[in-house]
Amino acid sequence: MGGGGDMKWQKDAADQNFDYMFKLLIIGNSSVGKTSFLFRYADDSFTSAFVSTVGIDFKVKTVFRHDKRVKLQIWDTAGQERYRTITTAYYRGAMGFILMYDITNEESFNSVQDWVTQIKTYSWDNAQVILVGNKCDMEEERVVSQERGRQLADQLGVEFYETSAKENINVKAVFERLVDIICDKMSESLDSEPAMLAGGARGQRLTEQPQSNNNPACNC
Ligand code: GTP
Ligand code: MG
């Protein structure tokens, strides 16, 4: 596995065990399932008890994508309004956002636009966003159709998945897709700003698609 010394961008000199480090944020209204989603991804665990996040927390996970070790620093933000000042302070420097609503909660869907505004206000322009409708295992309580989710995503120009942290549906796919989108964006900006890159990896495009991308929406 070569290339460890190639990339200067976002490289943490203290830890040589990865090629890139991406800072990601999970945002959305309280109780949509942000913490559950992260726990499912990082620890493969789920609990039905609701412990609302206070402020902000993070987990680290290293993934392998296209022969690169990508260390993900995933920040789980509190959805409650009273923590907004704290959480938005973490938007800066985030390369990717998972913007989550709950398919059984209309209000959480109606808030998506406000969250997009928060991203535009507090994060850098190149941050990549994926819209996620969580709790797709709760079909009987669904109030937001998959079609409305997809339409909103199209309108916002972002990708869309329905997921279930409970049933482990599309959780990994969302993170992998976000990593791929960030990698694509990165090689695009490296192409236009080659000074950012020292070494041989220039122009490498990381375009391999995860299999689940053919039908990213939840079938349950
Ligand atoms: P805040 O920290 O307040 O912003 O909320 P949050 O978005 O982190 O929500 P959290 O992950 O704590 O989940 C809220 C509740 O929804 C908990 O009771 C979870 O067990 C439940 N939940 C989360 N994801 C799912 C899911 O995919 N399906 C079902 N059925 N329940 C879920
Ligand atoms: Mg939480």
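Any value given below was found using the heavy atoms of this structure, including those in side chains, with hydrogens, waters and symmetry copies removed. Since the structure is predicted, the reported quantities are computational estimates derived from the model, not experimental observations. Each ligand, and each atom within it, is numbered from 1 in the order the structure gives.
Y91 is listed as a side-chain neighbour of I27, based on a closest heavy-atom distance under 4.5 Å.
Of the N or O atoms in A78, none lie within a sub-3.5 Å distance of an N or O in ligand 1. Residue S36 has at least one N or O atom closer than 3.5 Å to an N or O atom of ligand 1. Some N or O of G79 is nearer than 3.5 Å to an N or O of ligand 1, by distance alone.
Within a 6.0 Å radius of NZ in K172, no more than 12 heavy atoms belonging to other residues, nucleotides or ligands are found. A 6.0 Å sphere centred on CD of E106 holds more than 12 heavy atoms belonging to other residues, nucleotides or ligands. In R92, the CZ atom is not crowded: 12 or fewer heavy atoms of neighbouring residues, nucleotides or ligands sit closer than 6.0 Å.
Ring-plane geometry between Y101 and F160 is classed as parallel, the angle between the planes falling under 30 degrees on a 0 to 90 degree scale with a further cut at 60.
With a 4.0 Å cut-off on non-hydrogen atoms, F46 touches ligand 1 through its side chain and not its backbone.
If you count the protein N, O or S atoms nearer to the Mg ion (ligand 2) than 2.8 Å, you get 2.
Without hydrogens or angle criteria, Q128 side chain to N126 main chain gives a donor-acceptor distance under 3.5 Å. A donor-acceptor distance shorter than 3.5 angstrom exists from the side chain of D19 to the backbone of R69, with no hydrogens or angles considered.
Each of the following atoms of ligand 1 lies closer than 4.0 Å to a heavy atom of D137: 26 (C), 27 (O), 28 (N), 29 (C), 30 (N). Taking every non-hydrogen atom of K34 and a distance limit under 4.0 Å, the qualifying atoms of ligand 1 come out as 1 (P), 4 (O), 5 (O), 6 (P), 7 (O), 8 (O), 9 (O), 11 (O). Residue-ligand proximity, S164 to ligand 1, at heavy-atom distances under 4.0 Å covers atoms 27 (O). Close approach to A49 involves these atoms of ligand 1, each under 4.0 Å from a residue heavy atom: 17 (C), 18 (O).
One side chain, N134 or T163, offers a donor N or O that lies under 3.5 Å from an acceptor on the other. A donor-acceptor contact closer than 3.5 angstrom links the side chains of Q73 and W75. Side-chain polar atoms of T88 and Q118 form no donor-acceptor pair below 3.5 angstrom.
In terms of protein heavy atoms, atom 5 (O) of ligand 1 is closest to S31 N, 2.9 Å. Protein heavy atom at the shortest distance from atom 9 (O) of ligand 1 is G33 N, 3.2 Å. The shortest contact between atom 20 (O) of ligand 1 and any protein heavy atom is with T47 O, 2.8 Å.
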Checklist entry - Going through the distances and angles, do F175 and F37 end up as a ring pair (Phe, Tyr, Trp, His ring centres under 6.0 Å)? => result CA-CA 10 Å; F175 282 101; F37 194 78; 5.5 Å; yes
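Between S48, A165, S52, it is S48 that holds the heavy atom closest to atom 18 (O) of ligand 1. Closest heavy-atom approach to atom 24 (N) of ligand 1 within the set T163, T35, N134: this belongs to N134. Residue K135 holds the heavy atom nearest to atom 21 (C) of ligand 1 of all those in K135, K166, E162, M138.
Here the closest non-hydrogen pair linking R65 and V179 is CG-CG1, 3.7 Å. Across all their heavy atoms, V158 and V129 have their closest contact at CB-O, 3.4 Å. Shown here for A94 and A127, the closest heavy-atom pair between the two residues is O-CB, 3.7 Å.
Contact analysis leaves F39 out of contact with ligand 1, as no non-hydrogen atom separation drops below 4.0 angstrom. Heavy atoms of C136 stay at 4.0 angstrom or farther from ligand 1.
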